[in-house]
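Below you'll find the structure, written out as structure tokens, and then a few comments.
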Amino acid sequence: MGFAGERVDTKGYLDLWTLLGVGREGEDKRIRYLLVDANTSYNVLLGCLCLNSFGAIVSTPHLAMKYPTSRGTICTIRADQKVARECYAAGLKMYPREMRRRTSGTDVAMADLDPRTNTEDRLEPLGETQPMIVGKDPTQVTTIARGLEEEVEKRLRRSPTRTPKEEEDGEEKRRAVQEEVRKLQVAGFVREITYTTWLAYVVMVKKASGQWRMCTDYTDLNKACLKDSYPLPSIDVLVDGASGHQILSFLDAYSGYNQIPMHGPDREKTAFMADQANFCYEVMPFGLKNVGATY
């Protein structure tokens with residue numbers, strides 16, 4: 001999608017050395033750009049990946065940006081308000097370029113797979129609207145149409161209620177998650193993470209003893225991983241090698257999965273969401289597809 005909601009063609013990726021700053025004050029890094037055929041007044045747009053690679057912090061009220069350099073200094077970049085206004089005014093005068101494309105079988109097949117298509121068919125309320133509070137905070141407001149039937153409007157304005165038992169269970173789950181995450185942090189099994197590509201949810205399951213077990217739902221991550229169909233091809237060799245000995249030493253099986261460190265580049269893929277922050281595992285967690293074979 002283009003900057004005005006139009007359909008644009010992508011031309012591929014391009015890696016360029018990008019310098020943020022003037023002269024020797026700034027630093028340059030290799031940034032990957034996505035080339036699009038769009039009618040706009042901007043030549044380059046810097047996304048979150050570029051700003052994160054520099055470690056930059058942007059302040060829109062001050063029209064400034066700062067990032068730390070490898071020399072131990074802070075590079076400050078200030079924008080020109082006059083140039084910014086001129087660029088904004090030029091962008092308002094531009095119209096999306098109409099492109100005629102042939103509909104191929106690939107486009108038709110991908111139409112059902114791309115969730116971004118048909119976004120222009122979003123329903124909007126017709127006629128006069130009225131505000132409706134959707135949460136406990138008065139600022140959480142949406143709009144509904146006027147002139148609805150009394151019963152329909154009453155059902156829309158009715159806030160979902162929760163029983164005291166559900167409120168108590170929800171608070172108990174939150175405390176259990178915080179306590180479990182605290183134990184994992186003290187043991188050095190997890191660490192807090194800020195930027196992540198994969199993020200899983202935490203599911204709390206009540207055990208027979210009445211305590212809560214914290215499970216991480218790695219369903220989406222497991223779908224992207226290949227199944228190891230032959231996890232132990234030399235099991236017969238291991239068994240033959242252990243035979244004939246009088247004493248056999250066993251590995252401590254307490255938290256056995258957590259005794260195996262995760263591969264460095266894959267640690268951030270095990271990130272999960274908690275109330276206070278996001279965390280990722282430094283050691284092998286439960287729930288991944290091939291952890292049983294690895295253990």
_Qualifying salt bridge (charged side-chain N to carboxylate O under 4.0 Å, His left out) pairs with a residue from residues 40-69, counting only residues at least two apart or across chains_ =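 Residue pairs passing salt bridge (charged side-chain N to carboxylate O under 4.0 Å, His left out), neighbours aside: none found.
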*Not counting sequence neighbours, list each pair that qualifies as a salt bridge (charged side-chain N to carboxylate O under 4.0 Å, His left out) and has a residue in residues 42-58.*
none
In the hydrophobic clustering (ILVMFWY, side-chain contacts below 4.5 Å, transitive), which residues join [X], or is it alone?
X      : answer
Tyr201 : Leu199, Met273
Val203 : Val205
Val44  : Leu14, Leu16, Leu20, Ile31, Tyr33, Leu35, Leu46, Leu51, Phe54, Val58, Met65, Tyr67, Ile77
Tyr195 : none

Which atom pairs, one a donor and one an acceptor, fall under 3.5 Å between side chains of residues 280-289 and the rest of the protein, sequence neighbours left out?
unit_1 : atom_1 : unit_2 : atom_2 : d
Glu282 : OE1    : Arg267 : NH1    : 2.7
Glu282 : OE2    : Arg191 : NE     : 2.4
Lys289 : NZ     : Asn222 : O      : 2.8
Lys289 : NZ     : Cys225 : O      : 2.8

*asked:* Quick check on Lys82: does its NZ atom have over 12 non-hydrogen neighbours (other residues, nucleotides or ligands) under 6.0 Å away?
replied: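 No, because the 6.0 Å sphere around NZ of Lys82 holds 12 heavy atoms or fewer from other groups.
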Residues that [X] engages under side-chain contact (heavy atoms from CB on, under 4.5 Å), provided they are two or more places apart:
X      : answer
Thr194 : none
Ser70  : Glu27
Thr139 : Asp137
Ala208 : none

Using a 3.5 Å distance criterion without hydrogens, assess whether the side chain of [X] forms a donor-acceptor pair with backbone atoms of [Y].
X      : Y      : answer
Asn290 : Leu226 : yes
Thr196 : Glu268 : yes
Arg146 : Thr129 : yes

Any [X] side-chain heavy atom under 4.5 Å of [Y] side chain:
X      : Y      : result
Gln185 : Phe279 : yes
Arg213 : Met204 : no
Ile144 : Gln130 : yes
Thr142 : Met132 : yes

*Counterpart residues, ring pair (Phe, Tyr, Trp, His ring centres under 6.0 Å), relative to Tyr218 (two or more places apart)*: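 Partners of Tyr218 by the ring pair (Phe, Tyr, Trp, His ring centres under 6.0 Å) criterion come out as none, since no residue qualifies.
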*Cluster question for you: counting only ILVMFWY and a side-chain heavy-atom cut-off of under 4.5 Å, with indirect links fine, are Trp198 and Val190 together?*
yes
*Are Arg174 and Glu171 ion-paired here, with the side-chain N under 4.0 Å from a carboxylate O?*
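Looking at Glu171 together with Arg174, the answer is yes, because their closest N to O distance falls below 4.0 Å.
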